[in-house]
Amino acid sequence: MAYTLDFGTPVNTALLIYILYSVQKIVFPSTSIPKTVPSEFKHGYSWMPKEHPPTVLFKTYTPKTLEPFNGKNGGRILLAINSIVFDVTAGRNFYGPDGMYGNFAGRDASRGMAKQSFDLDMLTAVDQPLDKLQDLRPDEIENMKGWIEHFSNKYVICGKLVENDAA
Amino acid sequence: MTISDYLVTDDLTVLLGFIGVSVFLLQNLYKPQPLVHPILLGRQSDAGRVRHSGESAVYRNYGTGLMGRFPVRPDKDVDIVTDFVKPDFDAPRTLWSTKITNAQLKARVSAFGSGIAQLVPEDSTVLILLNDCIEFVITDLALSEQSIASITLSSPRLLARVLEMHPPNAIITDNTYLPHVHKATHDAHQHDYELIVVDWLRPDLLDTIKRHAWSRVESWGKVPQTPKNAPQAGSAYTVSFFETPSGEMRCVQLSHENFTSGVTAIKALFPAAINISTLDTIVSSHSLSTPYGRAIAYAALFEGASFATLPSTGVFRDGDAPALDVADILSATKFPIPSPTILFLKPEHVQSLASSVMDRAKKSFFMFPLAWRHKFASLTEGFVTKDSLWDRTVFGKAREDVLGKMADTVKAVVISGGLLPSDTLVSARLALSIPLINTHTHGSAAGPLFATHAFDLQMLPGADEPAHVGAPSVNVEVKLVGVNDNVVEKGADPIGKILVRGPSVGNMLSADGEAGEKNAWVHTGEMARVMTNGAFKVLGSM
């Protein structure tokens, strides 16, 4: 067979050009680095995620500033036990407006956790001073501490609760 | 001519078709596989969910996790530093110039310990002013066994201040540094201490202080006495003084647990494919007077590897320090150790090594550009090997010319003790073609604080910044303070001062020698930036 570049057979020419191009890429590989760093590992080995993992800023809340976080507008849901504020947005089923424990959203739930009750009379009004929890029995305090343990493992501690005028 | 006339195929077409298909398959399927999957490099540290105002979240190594416990010992039986010398390991290995088995080493350690216990009272402190040698290791292990506190200095400039503030009961030094010691103690008006000298050869020095030869002290302890108090893992047994870049003196108290955690962290630097074993020879450029240098030596002791240090580690010397370059690395071969396999080097060594190898490789005019191109292309895919075609033709010979026999046996290099420039990293990876582990250490910690993944070959932007140092080490947690909240809330990288905590970080003492609270956050005095993949870039001292 004669290896002439015969333009009468375009199929052969096309194949030949393709082969030459591929061989050139194998023998002289590309050394260009992309100008922008890829944000997916599928797009390149030297990649970086676009964003940092989300972190929540630890804030100081008062009963008044905590109250809006009751999930009613689809926002974050926070709840406080013993002046520790937990972000319970992940438990919207329980603590959202329609949930079983929705009463506690955006409020200080310490007494309710201690007495194992979800009644509204466990909550103090937002313009009142914080519940001092002095009349609780030792076993109720233990129960509340157990709930704090449970919440610490399940949810993120994102703040602390202070009196309305202390913030 | 009709379409079918154009599409005429003949035997040539079939041949070209075969060639085309095979070239296509070759090009697409023969891509080198990255040594570590890039998905792992996108999440190198585990970040806390909450951060306080002005601080970043707390970061830990992804393998350890925020809820995990820090690994504190390399093996379940290793509680105190003398446990690093495993009794059930028989084979001899070479430490500097001495071929010794573990049993012999343990015997020498208890001999010296008993000897020195007769010399100094309980609750005394001993100042060790030795350059790296086997006597240093024996002294250190013996003092720890006897629960006698030892003091080490990372720089001779600290000697005057330390003698003033913490006068020791005994000083151990060597022959060449003895005159300086005499002068310093004379200036500090300190006269009642024991002096133990390694290689005592100068009986002509007149003095009023008691001096003993190191080997004689060891011979006194031939009948070993058991130590009065058995050392505990948590008890501090050594104090290390180091200088910050601004010249300030800082002091850290280290316990047995700090060193066992440090050795665990050093072992964790190496993945299973290249871990330390008895077949290895470790060469270190970090002085034994620093906690990290000592932890490297203990790691070698624990694994039964041979060990030596480079001449540039000598802290106590006359004259200038040798330059940190290839000649320094090659002087490790003067010791009767087997050819080194793992090198713990400083960035200056690596820079010098990489540029020497590249210069030698450039001598082969025709092959070098092609070889460089192929190796660079495989680096961008995350793959590098010492045995490729291009190493056999170009780079292997260059490495052999520069390093000699070491070129064949070195399997990993750990870089610490300074900031490595980013552009050096690429040429070093090309030139050496072995895993380069960039770490960050500090005078207050026995183990590395940050370490990259051994097979990480990413080339990230930021050529004017130093190379990244990876995630926090397996038993360290890190947070940055002094962080700009507004910038971070918008999603930018936190930049701040480094605070570390963990079992390998020692207890910093205040200027008066008061111990701080246990497990407190330690300021390292350096600034760093966290990237989105959890790796840190140390930007330098403040």
Side-chain angles (χ1 to χ4, degrees), chain A residues 1-4 6-60 85-87 90 153 155-160, chain B residues 1 5-13 15-17 19-20 23-24 26-27 30 34 37-43 46-53 55-57 67 370 372-374 376-383 457-461 485 488-489 491-494 530-535:
Chain A
M1 290 176 279
Y3 282 171
T4 51
D6 188 352
F7 284 103
T9 53
V11 177
N12 285 356
T13 315
L15 280 175
L16 189 64
I17 290 173
Y18 172 71
I19 288 171
L20 289 175
Y21 171 73
S22 300
V23 168
Q24 184 258 334
K25 284 227 69 137
I26 292 175
V27 175
F28 296 102
S30 153
T31 56
S32 61
I33 308 176
K35 280 190 211 34
T36 55
V37 179
S39 56
E40 297 267 321
F41 69 91
K42 290 193 263 276
H43 298 156
Y45 175 74
S46 300
W47 71 290
M48 288 279 267
K50 257 199 307 257
E51 286 167 358
H52 283 269
T55 54
V56 164
L57 193 53
F58 192 92
K59 277 209 186 86
T60 307
V85 176
F86 296 94
D87 183 329
N153 291 336
Y155 301 109
V156 177
I157 298 176
C158 64
K160 64 179 186 203
Chain B
M1 292 176 82
D5 286 339
Y6 275 115
L7 292 175
V8 61
T9 60
D10 56 359
D11 294 333
L12 184 58
T13 311
L15 178 67
L16 290 179
I19 297 177
V23 163
F24 173 77
L26 192 71
Q27 194 184 9
Y30 191 60
H37 198 289
I39 202 175
L40 295 175
L41 299 176
R43 193 71 187 265
D46 203 8
R49 298 279 147 67
V50 182
R51 65 185 191 88
H52 288 257
S53 170
E55 293 179 3
S56 74
M67 292 291 154
L370 196 60
W372 187 93
R373 209 178 162 134
H374 274 266
F376 191 85
S378 79
L379 268 185
T380 54
E381 294 287 327
F383 177 78
L457 293 170
Q458 287 186 322
M459 289 188 256
L460 298 171
D485 277 333
V488 172
E489 286 296 306
D493 291 342
V530 193
M531 303 193 287
T532 50
N533 61 2

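Side-chain atoms are counted along with the backbone in the values below, which use heavy atoms only and exclude waters and symmetry mates. In what follows, every chain begins at residue 1, and chains take the letters A, B, ... in the order their sequences are listed.
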Please look at [X] and chain A and tell me whether the side chain, the backbone, both or neither of the residue comes under 4.5 angstrom of a heavy atom of that chain.
X	value
B:A492	backbone
B:L457	both
B:D493	both
B:I19	both

For [X] and [Y], which heavy atoms make the closest approach, and how far apart are they?
X	Y	result
B:N533	A:P49	CB-CD, 3.6 Å
B:A57	A:T55	CB-CG2, 3.9 Å
A:W47	B:L460	O-CD2, 4.2 Å

Heavy-atom contact with chain B under 4.5 Å, split by part of [X]:
X	result
A:P54	backbone
A:K42	neither
A:I26	both
A:S30	backbone

Please rank [options] by heavy-atom pairs under 4.5 Å with chain B and give me the top one.
options	result
A:K50, A:K59, A:H52	A:H52
A:V56, A:V156, A:V27	A:V56
A:T31, A:V23, A:V37	A:T31

Does A:E51 reach the main-chain N or O of B:T532 with its side chain, forming a donor-acceptor pair under 3.5 Å?
no
Here's a test for you: under side chain to side chain contact (heavy atoms under 4.5 Å, CB included), which of B:H52, B:E55, B:R51 qualifies with A:F58?
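Among B:H52, B:E55, B:R51, the one meeting side chain to side chain contact (heavy atoms under 4.5 Å, CB included) with A:F58 is B:H52.
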Shorter than 4.5 Å, heavy atoms on both sides: which option in [options] has the most such pairs with chain A?
options	answer
B:A47, B:A377, B:A535, B:G382	B:G382
B:E381, B:M67, B:H37, B:H374	B:H374
B:R373, B:Q27, B:M459, B:M531	B:R373

Side chains of B:P461 and A:M48, heavy atoms from C-beta outward: is any pair under 4.5 Å?
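Counting from C-beta outward, B:P461 and A:M48 never come under 4.5 Å.
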Pairwise side-chain contact, A:Y18 with B:F24, heavy-atom cut-off 4.5 Å (strictly under):
yes
[atom1]-[atom2] distance between [X] and [Y], expressed to the nearest 0.5 angstrom:
X	Y	atom1	atom2	result
A:Y45	B:L379	OH	CG	9.0 Å
A:L57	B:D485	CG	CG	5.0 Å
B:L41	A:F41	CG	CZ	11.5 Å
B:L16	A:T13	CG	OG1	9.0 Å

